[in-house]
Amino acid sequence: MNIFSEIRLLVIDCLDAMVAEGALPPGLAFDQVAVEPPRDAAHGDMATNAAMVLAKPAGQNPRAIADALAARLAADPRIELAEVAGPGFLNLRLAAPVWQAVVRAALTDAGFGRSQLGQGQKVNVEFVSANPTGPMHVGHTRGAVFGDALASLLAFAGYDVTREYYINDGGAQVDVLARSAYERYREANGLSPEIAEGLYPGDYLVPVGAALKARYGDSLLERPEADWLEDVREFATEQMMALIRADLALLGVEMDVFSSEKALYGTGKIEAAIATLREQGLIYEGVLEPPKGKTPEDWEPRQQTLFRSTAHGDDVDRPVQKSDGSWTYFAPDIAYHFDKISRGFDLLIDVFGADHGGYVKRMKAAVSALSGGRVPLDVKLCQLVKLYKNGEPFKMSKRAGTFVTLRDVVEQAGADVTRFHMLTRKNDAPLDFDFDKVLEQSKDNPVFYVQYAHARVCSVQRRAAEAGIAADDATLRAADLALIGHPAELALARKIAEWPRLIEIAARGNEPHRIAFYLYELASDLHGLWNRGNDDTSLRFIQEGDAATSAAKIALIRAAAVVISAGLGILGVTPAQEMR
RNA sequence: GGCCCCGUAGCUCAGGGGAUAGAGCGACCGCCUCCUAAGCGGUAGGUCUCAGGUUCGAAUCCUGACGGGGCCGCCA
């Protein structure tokens, strides 16, 4: 039940009737007609811009259209008041039963807020995709939380969602991993490791070294790299993926599919993807121009196999093969996206770090070419997480082994706090992560504010039961909601009514952060209503000796709690029953 | 040099064609004999970086400046 779209349909019906009667000329397009909550609540419950957007095409005065539309709308029982304001806004006040029906819908419709927006379309959300060379750090955490929440949001909005992780296990970085693990293996055999410049020095490889010893004994010692590199690489990569899976589990992220880059090699999939582009005349041998302005010192023209990505909106063409004929990293990525397309997805979403911003256009170009323009690719870039400790910026370095891991954060702050905090910014805005603030679980942490609102509702239900007033779900669903009608109570119902609308807005923009902000506002309204009870005891939820009124009032806040619970569920945060 | 993101209250940020631009923190003034004060109410604080343009209407869209960040051919 989305009351905004229902009222919009009513407005369209009235406009159609006006056309039929000749009050409006035929052939008008109504797609610009919107019904929205007004910024200022004093303007009513909803406003429509219909008269203003139609004035010009209809060749009529906006206020005249608005007056006629208002008269028609007022005939509907749901509309209590329709008045023209300002330049031609039509402000609507809805009758109390409308809001009471929203409350009932929240309690009785299991999927209140769910949308058919996605129409069951298959969407693939690729996120995290951290290199399998070590544990996940704070930066990865943001992408993980964002991607997971986005996937949940889209599922809630009616999409068929697949969460996917692309394992970059085919490049030089996993050779570095293997060499690093080999040194730890030597260490496990009593030799001193030589962690050369460029190798990964982190302690997390020590157990990998030990595991290698358990498996190979000393048989790999004193052997040339060519003898052990492949085996050690495979072994270490698997160990790292186990580590990463464990990190994801700690955060509550569960992938549906793990795809391997390495598995694309030798299968002909890369060749097939490139061949598909070649058939379209998009692959050619050529020499790239040097970057304008700042030419690298060692620039020399090279003959390479290039993808004509400029034909699909990129700024320059991109190499898919190195001058020695081997694939660039871009080639398997093309094949991987081709694979996603051929698996029948209607929509692809990639969640990248902001440092991959320069990669967006070529990836979109590839997907556009490979799918014949059928499958849109939306790339969401997560900006950097800026770490603070003791109020001071804190530099992370993988080389120096001074990076803060996901595990550090989640084990100390908890998954709920971490996840909510990561979603209190748009993905394309940088995020400050102040370790001390998050760790001390201070009260200005919004996640507690929202959880507290939910806990308060639970508390009221517990207290009601103690007072001998039924407040179980069945009682609330059957409550006589006509007993709630105070403006402060209806205001909360209005906020609840925005939930289905918010889901569609958030899903359209792939913007899960909107949920976090909405939940904060809803919690604020709930806390506000709660405190009204201090001054006006008739606004308290438990009315001693009046079971019917109590049930109606508790039904209202239960409805808010249902929405909070659903919203937190999308964000992957637990709704608290109590905050002791 | 090119491309991408950002610029809104003292600070951190929402809002992304609609009316008098919002929240948190910080500051100030209030509210617990009463459903959890991890809460609430109020006051103060703004040329929405600037200049053009589109529009009935621009913080929002377009162009260009300025400022901050990121990226830019055989790393992934």
Of the listed nucleotides [options], the one nearest the side chain of [X]:
{"X": "A/M52", "options": "B/U36, B/C56, B/C35", "value": "B/C56"}
{"X": "A/R462", "options": "B/U36, B/C40, B/C4", "value": "B/U36"}
{"X": "A/R425", "options": "B/C35, B/C6, B/A14", "value": "B/A14"}
{"X": "A/R39", "options": "B/G18, B/A19, B/U12", "value": "B/A19"}
{"X": "A/N168", "options": "B/G39, B/A14, B/A76", "value": "B/A76"}
{"X": "A/K322", "options": "B/C5, B/C74, B/C35", "value": "B/C74"}
{"X": "A/Y449", "options": "B/G73, B/C40, B/C5", "value": "B/C40"}
{"X": "A/A455", "options": "B/U36, B/U20, B/C74", "value": "B/U36"}
{"X": "A/K361", "options": "B/C35, B/C3, B/A19", "value": "B/C3"}

Problem - Integer angstrom distance from the C1' of B/G18 to that of B/G52 - result: 23 Å
Problem - Nearest-Å distance once atom P is located in both B/G16 and B/C56 - result: 23 Å
Handout entry: Heavy-atom side-chain proximity of A/V563 to A/Y518 below 4.5 angstrom
Key = yes
Problem - A/F4 six-ring centre to A/R501 NZ/CZ under 6.0 Å and within 45° of normal - result: yes
Problem - Test: A/R362 cationic atom under 6.0 Å from A/F307 six-membered ring centre, within 45° of axis - result: no
Is there a Watson-Crick or G-U wobble partner for [N] with both distances under 3.5 Å, and if so, which one is it?
{"N": "B/A14", "value": "none"}
{"N": "B/A9", "value": "none"}
{"N": "B/G64", "value": "B/C50"}
{"N": "B/A19", "value": "none"}
{"N": "B/A59", "value": "none"}
{"N": "B/A27", "value": "B/U43"}
{"N": "B/C32", "value": "none"}
{"N": "B/C72", "value": "B/G1"}

Contact class for [X] vs. all strands (heavy atom < 4.0 Å): base, sugar-phosphate, or nothing?
{"X": "A/A85", "answer": "base"}
{"X": "A/E466", "answer": "nothing"}
{"X": "A/V174", "answer": "nothing"}
{"X": "A/A47", "answer": "base"}
{"X": "A/A55", "answer": "nothing"}
{"X": "A/E578", "answer": "base"}
{"X": "A/F517", "answer": "sugar-phosphate"}
{"X": "A/Y520", "answer": "sugar-phosphate"}
{"X": "A/H356", "answer": "base"}
{"X": "A/S459", "answer": "base"}
{"X": "A/P430", "answer": "sugar-phosphate"}
{"X": "A/N91", "answer": "base"}
{"X": "A/K426", "answer": "base"}
{"X": "A/N534", "answer": "base"}

side-chain N/O [X] vs [N] OP1/OP2, d < 4.0 Å:
{"X": "A/R318", "N": "B/C72", "answer": "no"}
{"X": "A/W530", "N": "B/A37", "answer": "yes"}
{"X": "A/R63", "N": "B/C56", "answer": "no"}
{"X": "A/H527", "N": "B/G24", "answer": "no"}

Problem - Residues, nucleotides or ligands: over 12 heavy atoms within 6.0 Å of A/R63 CZ - result: yes
Practice task
Return yes when atom CD of A/E289 has more than 12 non-hydrogen atoms of other residues, nucleotides or ligands closer than 6.0 Å, and no otherwise.
Solution key: no
Exercise for the section: Kindly assign one of parallel, tilted or perpendicular to the pair A/F517 and A/H513, based on the angle between their ring planes and the thresholds 30° and 60°. Expected result: perpendicular
Practice task
Evaluate the ring planes of A/Y520 and A/Y449, with Trp represented by its six-membered ring, and classify them as parallel (under 30°), tilted (30 to 60°) or perpendicular (over 60°).
Solution key: parallel
Problem - Validation row, ring centre A/H43 to ring centre A/F89 under 6.0 Å - result: no
Practice task
Please state whether the base of B/G70 and the side chain of A/D355 form at least one donor-acceptor pair under 3.5 Å?
Solution key: no
Exercise for the section: Flag as yes if A/F89 stacks onto the base of B/A19 (centroids under 5.5 Å, planes under 30°), otherwise no. Expected result: yes
